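Heads up, the thing below is written out as C-alpha cells.
Quantities reported herein were computed from a predicted structural model and do not represent experimental measurements. First the proteins, then the strands, lettered A, B, ... as listed; each starts at 1.
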Amino acid sequence: MNAKTADRIATATIIGVASLIVLILAGLLGFILFRGVSHISFDFLTSVPQTIKAGGGIGPQLFNSLFLLLLTLIITIPLGLGAGIYMSEYAKPGRLTDSIRLVVEVLSSFPSIVVGLFGLLVIVNLFGFGFSLFSGALALTVFNLPLMVRITEQSLKGVPREQKEASLALGLSRWKTITSVMLPIATPTIVTGTILAAGRVFGEAAALLFTAGMSSPRLDFSNWNPLSPTSPLNPFRPAETLAVHIWKINSEGLAPDAAEIAAGASAVLVITVLLFNFSARWFGRYLHRRFTATK
Amino acid sequence: MEQPAVMNKKRVQTGSTTRAFAKPHVIEEWVGKVYTALCILVLVITIGAIVYFVSSRGLATFFVDGVSLGGLLGGLKWEPEGDIPLYGALPFIFGSFSTSVLAALMAAPLGMCAAVFMTQIMPGFGKKVLQPVIELLAGIPSVVFGFVGLSVVVPVLRAIFPGQGIGIAAGSIVLSLMILPTITTIATDALAALPRGLKEGSFALGATRWQTIYRIVLPTTLPSLLTGVVLGMSRAFGEALAVQMVIGNSPHIPHSLFESASTLTSAITLDMGNTVMGSTHNNALWSLALILLSMTFVFVFVVRFLERRNKR
Amino acid sequence: MHQEGLSAKNLRVFYGEKEAIKGVSLDFAPREVTALIGPSGCGKSTFLRSLNRMNDTIDGVRTTGEIWMDGENINDPGVDVVLLRQKIGMVWQRPNPFHKSIYENIAFGPRYHGVRNKKELDAIVEDCLRKAALWDETKDRLHQSALALSGGQQQRLCIARSIAVKPKVILMDEPASALDPVSTAKVEELISELKQEYSIVIVTHNMHQAARVSDKTAFFYMGKVVEYDVTDKIFTNPSEKATDDYISGRFG
C-alpha cells in the first residue's frame, strides 16, 4: 500500500470516528431530552414524589439540589479562593509546596463514594450532624475544593505580571494588590470555572447517598423558619437531591411510572447542567468585556 | 544593622520605612497570610482525616475481626451473611479492574482520533463543534449515564448477545463514554503543544500527513497520551453509581462479559446502608474503600511518573 | 553620597547561582535624570528593579549590598518594602494601566495611603493628569476604562499614576520603547518637566534618547558599570574604549 492511500484511509477513519463521537453525543442528548421532556410539566417540577402511585413529581428534590449547591458554594468559595491565592502568591517553590500540590491532586482524584463514606463516618456520625443538607454540603466541599483551588491558582497566574508590579510599586501591600488588582482581572475566569464546577456538584450523587440521605421529610413550603424541621430552609434536615432520586427510582422505584419519572428527572438534570455550561461561557465573556471594556 | 530603639521610634514618627507592627498594612498583610494558610491547612487536614479514618476502619477487618489479608484479597466467595461468613473480595477487585481497563481500551482510540481530528485535520471545525460536544459530555452527571445505560445499552446488549445485557460489557461501555472527555482533552492539549517546526520538518521531507502523525506526532506525545488514559482509568475505577446501575451486582467472577458481576464501588454503594457500623461486614466494606483509596494513590503516582518523563 | 538622593553601594544581584549584577555603586542626585544604557542582558533593568526591591517578588533572586535613601539602607531585610515603594515610583516598558477607569487608576494609590476625601482625591487626579499633560485629553471621560486610551496616552497615565503617591524617585524601564515617535516625544518632554521635582532613573536602549533627556549616564556592560559621568562627556568624550565602541554602534 503506498503512502498516499494509507494517508487517505487514515484520514477517512479519523473523520469517521470524530463524526461517530458527535453522533453518539447527539444520540445521548437526543435520547435524554426526547424521552424526558414530554414528561416535564409545571406540575412535575413542583409536586411531591409518590412511592407506589403514578403521577409523582420532583419538586422537593429539585429544591434540595439547588439549596445544597448554594450551601456548598458558600463553604467552598471562601476556602477555595484562600487556598488558591496561597498556592499562586504565597507558596515558595520547595518541598512543602510540592507536597501541598500533591495533596490537592490526590484529593481531586478520590472516588466520590469514598468521600461519601468519610462524610458518613466523620460528619454524620462523629460530629453528629446526621443525614442532613449540611453534611451533604461538607462532603461536596471536599469533592469541589481541589477544583476551586486549581481554578483560582491558574486564573491568578494568568494575570499579567506588570499589573501586580504596578500595584506593588505604588506602595500597596501584597494582600491589597491581590484583592484589588489581581482578583478583579482573574474574576471572569474564576466565575466561569466556578459555574462549570457547580454543574458537576449539581449532578453528584455518590457522595450524597450517605451524607445528605436518601429521603426528604414532608416539607412545608410556607414555613420559612430555618430552624423548624419541616422548613425547606433548615440546613440540618435530611434531603434527597435530584441525582440521588434518579438513582433511587432506577434501582428500587415502585411507582408504575418510575421509568418516565427517571426520564423526566434526567432531562431536568441535564438541562440544568447545560444551562450551567452555557451561562458559564456567556457570563465569563460578559465579565471579561466589562472588566477590560476596550471601547 | 543594629539600631538603638529610641532612634527607631523617632523614625517611625517621621514616616520612615523601618518596620513597625501597628501599621494597618502590616496587619492587613498578616491577616491575608494567615487566612490563606488556614485554607491550605483545612485541605491538608481533610485529606489526612480521610486517609486516617478510612484506614482505621478498613484495617479493623484484619486486626479486630481477624479476617486474613490474603483471604480478603484472594477469596472468591463473598458471603457475609453465611453460617461461616466469608469475605473474599476478589470478584469485586476483578470487576473494578476489568471494567476500567476495558473502558480505557475502548475510549483511548476514540479519544486519540478525536484529538488528532481537532488538532491536525480540521482544527476549525474541531474547535467549533467537536470540542464543545466533548465538554458537554464531561458535564453529564453519572446517574444520567447510568440511566441511559440501563435504558439503551443494556436492552441493546440483551438483544444481540446471550444473557440479560447487564454485566461487565454494559459497565465498561458506559464508563468509556464517561472517560472519553478526560482522554480527549489531555490528548488534544498535548498535540496542540507540539512545536510547529517538528511537523513542518516532516512535511518538508515529503512525508504525508498520516506518516507525520504516525511517525512524529504520536511518538513524541506518547507520555501525555498515556497520562490521559491513566487519568481516565482512575476515574472509571472510582465511579460508583453509573456502573452499579448496569452491572447486575452479583458477587462472583462472571464467565462472560454479559453476565451479572460486581465492582468495589457497587458493593459499597449497595451494602453500606444495610450494615451496622462496627460489624465485621461493615468493616469489610471499609476494607473495600481502603482498596479504592490505595488505588487512587497508585494512579496519582503513575500519572506523576508519566508527567516527569514527559518533561524530560 | 547625596543626602537627599538615592545611592547604591556594591550592589550584587544573583539569579540562583548566577551573578547578574556584580557589585555596582551609583549615586543618583535629586532633580536629575540619570540614564542607564548598555547592550541587552547587561543587567541595567535588573539593577533598576532592585532599587525598589521589585526583584523580591521573583523567586530565587537574591540581592546583597546597600541602597541608601534618606539616611537609611533600604536593602535591609527589616525595611518595610510597602512604605519604601511608595517613595520610589516605577514605569514599565509596556504601558500597564490597571483595568479600571482613568480616574481610578490615579486615585487608587492615594486612597490606599489614606486620602479618603472625594474633593482631595479629585484634586490629586486633576493635578497628576495635568502634570502628565493628559488632562485636556481625558477630563471629559475620567470614568471610562483606561484601556480605551492609546498606547502613548496609557503610558502617560502610568506616569501620572506613579506620581500620585508623591514619590521622591521615579524608575523608568524603557518607558518609550513600545511607543510611536510622537508619543515618544511627549513622554520625553514629560520627563524633562518631571525632573523639576523628582529624581529620575531611566533605562533606555535608545542612545539619542539618553542624550536628549538625561543629565548623567551610566554605561552597563556584563553586570558592571563601565563608566558613569555627565551625559555630555559620555557621548562626546568617553574615557573607556568599551563605552566609545557601544555609543558609536560597534557592538550591542
(request) Kindly assign one of parallel, tilted or perpendicular to the pair B:Tyr35 and A:Trp175, based on the angle between their ring planes and the thresholds 30° and 60°. (result) perpendicular

Heavy-atom pairs under 4.5 Å with chain A: which of [options] has the most?
options                      : result
B:Val152, B:Thr212, B:Val44  : B:Val152
B:Leu270, B:Leu136, B:Leu41  : B:Leu136
B:Ala37, B:Cys39, B:Gly238   : B:Cys39
B:Ile134, B:Thr269, B:Leu292 : B:Thr269

Under 4.5 Å heavy-atom distance to chain B, tell me which part of [X] shows up: side chain, backbone, both or neither.
X        : value
A:Arg35  : side chain
A:Phe110 : both
A:Ala259 : backbone
A:Ile32  : side chain
A:Leu209 : side chain

Would you mind checking which part of [X] comes under 4.5 Å of any heavy atom in chain A, side chain (CB onward), backbone (N, CA, C, O), both or neither?
X        : result
B:Glu239 : neither
B:Ala289 : both
B:Val42  : side chain
B:Leu180 : side chain
B:Thr36  : both
B:Ile50  : both
B:Val303 : side chain
B:Ile121 : side chain
B:Phe299 : neither
B:Phe145 : side chain
B:Trp30  : neither
B:Ala242 : neither
B:Leu231 : neither
B:Tyr214 : neither

(request) Assess the side chains of B:Arg215 and B:Ser202: does a donor N or O sit below 3.5 Å from an acceptor N or O? (result)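 Short answer, no.
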
(message) Counting heavy-atom pairs under 4.5 Å with chain B, which one of A:Leu274, A:Leu121, A:Asn277 comes out on top?
(response)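 Going by pairs under 4.5 Å, I would pick A:Leu121.
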
(message) Under a 4.5 Å cutoff for heavy-atom pairs, which residue among A:Leu25, A:Val273, A:Leu120, A:Leu28 has the most contacts with chain B?
(response) A:Leu25

(message) For A:Ala206, is there any backbone N or O sitting under 3.5 Å from a side-chain donor or acceptor partner on A:Glu204?
(response)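 A pair under 3.5 Å: yes.
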
(request) For the pair B:Glu29 and A:Lys176, find out whether any cationic side-chain nitrogen is under 4.0 Å from an anionic carboxylate oxygen. (result)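 Result for this pair is no, no salt bridge flagged.
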
(message) Using 0.5 Å steps for rounding, measure from the CD1 atom of B:Ile140 to the CZ atom of A:Arg200.
(response) 14.5 Å

(message) Does the structure place the NZ or CZ of A:Arg174 under 6.0 Å from the centre of the six-membered ring of A:Tyr90, at an angle of no more than 45° from the ring's axis?
(response) no

